[in-house]
Amino acid sequence: MKLKNIINTMSLAAVALLATACNDTDAQYSIPVVGAPEFTAVSPDVNSALIYGEKTIKVKFDKKIGFATKNTDKITLNGVPVKKALILGADSVLTITADVSYNKSQNLVIPAGLIVGTQGDVYDKELNFTWTIKDLPSNEATAMTQKLGWGWNLGNHFDTSNMEWGYWDGSTPQAALFQKLAATGAKTVRIPVTWTCHMLEGTNTIDAAYLNEVAGVVDMAIAAGLNVILNTHHDSFETTLGNAVNQPSVAKSDSTLIADLWSQVATRFANYNDQLIFETFNEVHAGDDWGTGSEEQFKMLNNWNQYAVDAIRKTGGNNTSRWIGVSGYAANIDLTIEHLKLPTDPANHIMVGVHCYDPYDFCLAPVDEKADTVKVYSWGHNAIPGYSVDGANEEYIINKLYKLRTAYIEKGIPCYLGEYGCVYQTTAPANAYRKYYLEYFCRSAYLAGIPMMVWDNSGKDVSMGGNEANYYINHNDGSFVVDGAEIVPMMIKACTNTDDSYWFDAIWTHSPELDY
């Protein structure tokens, strides 16, 4: 009996000890209750635009979550299952990949019960997001878009480094040129001018005869009812950008030259009305570097823009409030957005000008001159593999132009494409892709609120086509050349038509389906 009592006593003690141990363990290692996750944000924000192409959407919660990828097809964008949905690591974000359509509105639905917390607690609400492309804002920037509309460049007519103007196109612009442009529906003509090689030797004084020659062309364009953008184009100081960073004396002399040049030009046109717009520079860049630049060069160009604006404003008359266009490094869209500092301007009438010939190998240089063959002759969703530029299709163009809309138009800053274009190709199929590209590009620009001016360098033999062959209109009398009679009205319609049904998807159907 004593042994049995001893055993019973020991058993009770063991149970008590075990209970105490368990209680101690619970006290030290108890798992806190986390609860169900709660939605906090979606990116891109629903107030921004979600525009065509494969896009990534991130849905964020307030704590780490779980998601079974087998449920991916239950998540839909516009009623279509998304391509991917996953959690990257132990995270609080559900990352979704989906093909965004051309719809003006995009609707993403995540049914209730698909998202769980780390303890199995379910997020039991449906998530429903809608992104809608808003109408252009009613501001001064949009008003300038309507004012400038579609425009045309007089190419390199006054790009006169050999002291004899008209050397490139061999033309003498007549009043009929601008009258026909206006009658066709153009609203603006951009007149690029090289000035410094027409300064009297040993001075910064522009030759009066040359200045009057330029003014005569401006007068004809304004008389035809066109807006005019007048700039400095390929002037001598533009080539010093790369060197001036390490040569302060060169930079100083350029500041004087810029001020002297623009003081004279602005004084000559001081009494012109607001049909005339000045553009400080063209595609200022260093050497052959068109897409990189440096912080020193960005800073220098920002200073140059300020010198020009100050010089123009000081001349008085209508120049105290005239619109002035400025651009960033090489007039490159991305570098302008990232590095251009708008000049200080008491009139607050600064515009941003950019250029775009993307993709370059299709738009400007489709011919491999060493092999004497066309290497890129197609573009868009029906492009020929191996004969197009990867990653530079419709989605690329839309995103480029909407970056400008976001950076400038929606902030009330007018922005325009001072140059764009696509060379005349050497075959009918290639020109079909060219036509599609130009319509798509122009309409996309209009929908982004960006007016545009096509580049036209004319030429003596307009039938050859090939690299740099931008031909639309005869520089003498305004008659159409090559396929200009078809292409120009198409571009004008795309850049100015207010019909809401003329949307991206309407142009999409115009894409050629061709092969060689």
Side-chain angles (χ1 to χ4, degrees), residues 136 139-155 157-158 173-193 214-233 262 265-266 268-282 308-309 312 317-327 331 347-355 404 408-409 413-421 442 445-446 449-456 472-473 475 478 488-489 491-498:
L136 287 167
N139 61 21
E140 202 163 29
T142 300
M144 286 299 293
T145 299
Q146 304 300 321
K147 174 183 170 69
L148 297 179
W150 181 85
W152 176 82
N153 274 274
L154 187 57
H157 177 75
F158 283 118
Q174 303 163 21
L177 163 63
F178 304 103
Q179 291 164 358
K180 288 180 182 177
L181 277 168
T184 303
K187 292 186 177 182
T188 302
V189 60
R190 182 171 177 263
I191 302 179
V193 181
V214 174
V217 174
V218 172
D219 290 343
M220 288 189 288
I222 288 179
L226 296 167
N227 303 299
V228 173
I229 297 177
L230 184 67
N231 77 352
T232 66
H233 200 88
W262 270 113
V265 174
R268 178 64 175 79
F269 295 99
N271 294 325
Y272 282 58
N273 65 22
D274 62 4
Q275 285 176 258
L276 179 62
I277 295 166
F278 291 144
E279 181 183 79
T280 55
F281 306 108
N282 181 50
V309 169
I312 291 167
N318 291 334
N319 291 333
T320 59
S321 60
R322 187 180 310 286
W323 281 99
I324 302 174
V326 299
S327 60
N348 195 29
H349 268 191
I350 298 296
M351 306 171 65
V352 176
V354 292
H355 299 173
L404 290 172
Y408 299 115
I409 302 300
I413 303 167
C415 178
Y416 63 97
L417 272 163
E419 291 183 22
Y420 78 96
C442 289
Y446 172 81
I450 313 293
M452 56 202 310
M453 293 92 219
V454 73
W455 183 254
D456 186 330
Y472 305 94
I473 293 170
H475 286 198
V488 170
M491 291 190 291
I492 292 174
K493 175 185 176 182
C495 283
T496 60
N497 191 287
T498 59

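Quick caveat: nothing in here was measured; it's all calculated off a predicted structure. One-based numbering along the sequence shown.
Separation of atoms CD (Q179) and CG (L226) is listed at 10.0 Å; rounding is to 0.5 Å. With values rounded to the nearest 0.5 angstrom, C495 atom SG is found 11.5 Å from L148 atom CG. To the nearest 0.5 angstrom, W152 atom CH2 is 8.5 Å from I191 atom CD1. For the atom pair CZ of R190 and CG of L230, the computed distance is 10.0 Å after rounding to the nearest 0.5 Å. Here the straight-line distance linking atom NE2 of H349 with atom CG of N319 works out to 13.0 Å at 0.5 Å rounding. One distance of note links CD1 of I450 with OG1 of T142; it measures 9.0 Å at 0.5 Å rounding.
Using modelled atom types, no side-chain atom of N318 and backbone atom of D274 make a donor-acceptor pair closer than 3.5 Å. Checked by atom type and distance alone, the side chain of T145 pairs as donor or acceptor with a backbone atom of G449 at under 3.5 Å. Side chain of K147 to main chain of T188: no donor-acceptor pair is present (N/O by atom type, distance under 3.5 Å, no hydrogens or angles). Under the 3.5 Å distance criterion, the side-chain polar atoms of R322 are left unmatched by any main-chain donor or acceptor of Q275. N153 places a side-chain N or O within donor-acceptor distance of the main-chain N or O of M453, the cut-off being under 3.5 Å. With hydrogens and angles ignored, the 3.5 Å screen pairs no side-chain donor or acceptor of N231 with any backbone N or O of T280. With hydrogens and angles disregarded, no donor-acceptor distance shorter than 3.5 Å links the side chain of H355 to the backbone of N282.
Among all heavy-atom pairs drawn from M452 and A445, the shortest one is SD-CB, 3.4 Å. In plain terms, the two heavy atoms of I277 and G325 that are nearest each other are CG2-N, 4.4 Å. Summarising the geometry of G353 relative to S327, their closest heavy-atom pair is O-CB, 2.8 Å, with the distance given to 0.1 Å. Listed here is the closest heavy atom pair of P414 and A141: N-CB, 3.6 Å. Taking both residues in full, the closest heavy atoms of W262 and A308 are given as CD1-CB, 3.6 Å, listed atom of the first, atom of the second, then distance. Summarising the geometry of G149 relative to K187, their closest heavy-atom pair is CA-CD, 4.0 Å, with the distance given to 0.1 Å.
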Worksheet item: How far apart are the C-alpha atoms of L417 and V354, what are their side-chain angles, what is the distance that settles it, and do they pass the side-chain contact (heavy atoms from CB on, under 4.5 Å) test?
Response: CA-CA 5 Å; L417 272 163; V354 292; 3.8 Å; yes

Worksheet item: Run the side-chain contact (heavy atoms from CB on, under 4.5 Å) check on V217 and F178 step by step: do they pass?
Response: CA-CA 9 Å; V217 174; F178 304 103; 3.6 Å; yes

Worksheet entry | Derivation of the side-chain contact (heavy atoms from CB on, under 4.5 Å) call for V454 and W150 | CA-CA 8 Å; V454 73; W150 181 85; 3.4 Å; yes

Item to complete: Check step by step if side-chain contact (heavy atoms from CB on, under 4.5 Å) holds for Y272 and V218.
Response: CA-CA 10 Å; Y272 282 58; V218 172; 4.1 Å; yes

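At least one side-chain heavy atom of L177 sits under 4.5 Å from a side-chain heavy atom of L154. Between M144 and P451 the shortest side-chain heavy-atom distance does not fall below 4.5 Å.
Ring orientation note: the planes of W455 and H233 are close to parallel, at an angle under 30° on the 30°/60° scale. Classification of the F269-F278 ring pair by plane angle, with boundaries at 30° and 60°, yields perpendicular.
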